[in-house]
Number of protein chains: 2
Amino acid sequence: MEDMRDPLHPPVESLDLATILAALSDPTRLAILVRIADSAGEVRCGGFGDMGTKSNLSYHLAKMREAGLVNTRNEGTSRYMSLRRDDLERLFPGLLDQLIASARSTVKSDVTLPDDAGVGASN
Amino acid sequence: MEDMRDPLHPPVESLDLATILAALSDPTRLAILVRIADSAGEVRCGGFGDMGTKSNLSYHLAKMREAGLVNTRNEGTSRYMSLRRDDLERLFPGLLDQLIASARSTVKSDVTLPDDAGVGASN
DNA sequence: TCATTTGTTCAAAACCTATTGAACAAATGA
DNA sequence: TCATTTGTTCAATAGGTTTTGAACAAATGA
C-alpha cells in the first residue's frame with residue numbers, strides 16, 4: 001500500500017477543537033469560510049484575491065487546511081478549496097453550520113464583484 | 001448618570017466573533033467554559049485551581065472576560081464567573097450552546113475532585 | 001522551447017500569546 | 001491592628017502569528 005497518507009490534510013482523528021477555533025479566530029479566515037460555504041462546493045484560491053496578497057492568502061488557506069477545515073484539489077495550475085463537511089460533522093456535529101451562520105452575520109461580504117470576478121489578475 | 005460604563009465587561013455591541021473564537025482557541029479555556037457550563041450558574045475563580053497557577057488562570061479568565069464570554073461578580077475576597085448567555089444568544093443565536101457541546105466532547109473533565117473541592121489552597 | 005498563470009515557500013519584521021514567580025491590593029476575621 | 005485568603009498586576013522569557021515582497025516551482029499554452 002506504499003504509505004497512502006495525505007501530507008496536506010490531517011486525518012479526522014487528529015483534528016481538535018482548539019485548533020479549529022484558532023483557524024477561525026481571524027476576520028479574513030471567517031470571510032473565507034463564508035465564501036466557500038456560499039459557493040457551489042468549491043472555490044478556486046484565486047477567488048479570494050480581493051482579500052489580500054497572494055502570499056498572505058496562501059498562508060491563511062494553509063492555516064485552515066492544517067486545522068482540518070478545508071480540502072484542496074488541484075486542477076492545472078489552479079487549486080480548489082472545499083469544506084471538510086463530513087469529517088467535521090462526524091467529530092463535532094452541528095458545529096460547522098453554526099460557525100458559518102454566526103460568521104455570515106458578522107462578515108462584510110459587501111464586495112460587489114466586478115464582471116470578471118474570479119478571472120482577474122494576481123499580486 | 002456619571003458614566004456608568006463597566007470597565008471589566010465589554011458591551012454587547014462591541015463583541016465580535018473572531019475575538020470570541022480566539023478566546024476559545026485554547027484547551028485550558030475550553031475546559032473553563034465547560035466547567036462553568038456544568039455548574040449551577042457560577043464558579044468561583046478558585047474552582048479552576050486544578051488547571052494551572054493562580055496568575056496563569058487569572059490571565060485566561062481575563063481573556064474570556066475581555067472577549068465577552070463571561071461575567072464576573074465579587075463577593076468578599078472571591079470572584080465568581082458566569083456565562084454571558086443572554087448577550088451571546090442575542091448576538092450569535094445558538095453559538096454558545098454549540099461550542100459548549102463540542103467542547104464537552106473534547107475536554108478531559110476526568111478530574112475526580114477531592115472531597116474539599118473548591119475550598120482548597122492556592123499557588 | 002519559452003513565456004504565462006497560479007500558487008507556494010522563504011526570510012525578515014513587527015507584533016501578540018502563554019507562562020512563571022514575585023510583588024501587590026482588598027476584604028475578612030482573629 | 002495584623003495575619004490570612006483570594007485574586008490581580010508586573011516584568012521577564014520563550015515562542016507563535018501575521019504580513020510583506022522576492023524567489024521559486026509546476027502546469028499550461030503559444
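Hydrogens, waters and symmetry mates play no part in the numbers below; they use all other heavy atoms, side chains included. Chain identifiers are assigned alphabetically (A, B, ...) following the order of the sequence lines, protein sequences preceding nucleic acid strands; residue numbering begins at 1 within each chain.
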Checklist entry - Would one find a side-chain N or O of B:K63 under 4.0 angstrom from OP1 or OP2 of C:dT17? => result yes
Checklist entry - According to a strict under-4.0 Å criterion, is B:R44 in side-chain N/O contact with OP1 or OP2 of D:dG7? => result yes
Next on the checklist: Whole angstroms only, please: what is the CD-C1' distance between A:E42 and C:dG7?
Outcome noted: 16 Å
Item to check | Phosphate contact (C:dT17 OP1 or OP2) by B:H60 side-chain N/O below 4.0 Å | outcome: no
Checklist outcome for this item: Result for side chain to side chain contact (heavy atoms under 4.5 Å, CB included) between A:I100 and one of A:D38, A:L30, A:L33 points to A:L33
Checklist entry - To the nearest Å, how far apart are B:M64 CE and D:dG7 P? => result 16 Å
Checklist entry - Under 4.0 angstrom, heavy atoms only, what part of the nucleic acid is A:S58 near: base, sugar-phosphate, or nothing? => result base
Checklist entry - Separation of B:E75 atom CD from C:dG29 atom P, in whole Å? => result 11 Å
Checklist entry - Which nucleotide, C:dG7, D:dT19, D:dT28, lies nearest any side-chain atom of A:Y59? => result D:dT19
Next on the checklist: Looking at D:dG16, which nucleotide sits across from it as a Watson-Crick or G-U wobble partner, both distances under 3.5 angstrom, or is there none?
Outcome noted: C:dC15
Next on the checklist: Heavy-atom nearest nucleotide on DNA chain D for B:S78 versus A:R29: which residue maps closer to 5'?
Outcome noted: B:S78
Checklist outcome for this item: Only one of B:E42, B:H9, B:R65 passes side chain to side chain contact (heavy atoms under 4.5 Å, CB included) with B:V70, and that residue is B:R65
Checklist entry - With a 4.5 Å limit on heavy-atom distance, are the side chains of A:P10 and A:R84 in contact? => result yes
Checklist entry - Roughly how many Å is it from CG in A:L24 to P in D:dT17, rounded to a whole number? => result 14 Å
Checklist outcome for this item: When both distances are under 3.5 Å in a Watson-Crick or G-U wobble arrangement, the nucleotide paired with D:dC24 is C:dG7
Checklist entry - Can we say A:R35 and A:D50 salt-bridge, meaning some charged N sits less than 4.0 Å from an Asp/Glu carboxylate O? => result yes
Item to check | Heavy-atom check, side chain of A:F48 versus side chain of A:T28, under 4.5 Å | outcome: no
Item to check | Nucleotide C:dA18, atom C1' - distance to CG of B:L61 in whole Å | outcome: 14 Å
Item to check | Nearest-angstrom distance from the residue atom CG of B:L57 to P of C:dT17 | outcome: 18 Å
Item to check | Between D:dT4 (P) and B:K54 (NZ): distance, integer Å | outcome: 14 Å
Checklist entry - Which part of the nucleic acid, if any, lies within contact of B:D26, taking any heavy atom under 4.0 Å across all strands shown: a base, the sugar-phosphate backbone alone, or nothing? => result sugar-phosphate
Next on the checklist: Distance check needed: C:dT17 C1' versus B:E66 CD, whole Å only.
Outcome noted: 12 Å
Checklist entry - Under 4.0 Å: is that the gap between some side-chain N or O of A:R79 and OP1 or OP2 of C:dT6? => result no
Next on the checklist: Under 3.5 Å for both donor-acceptor distances, Watson-Crick or wobble: does C:dT1 have a partner, and if so which one?
Outcome noted: D:dA30
Item to check | Any B:T53 side-chain nitrogen or oxygen under 4.0 Å from OP1 or OP2 of C:dT20 | outcome: yes
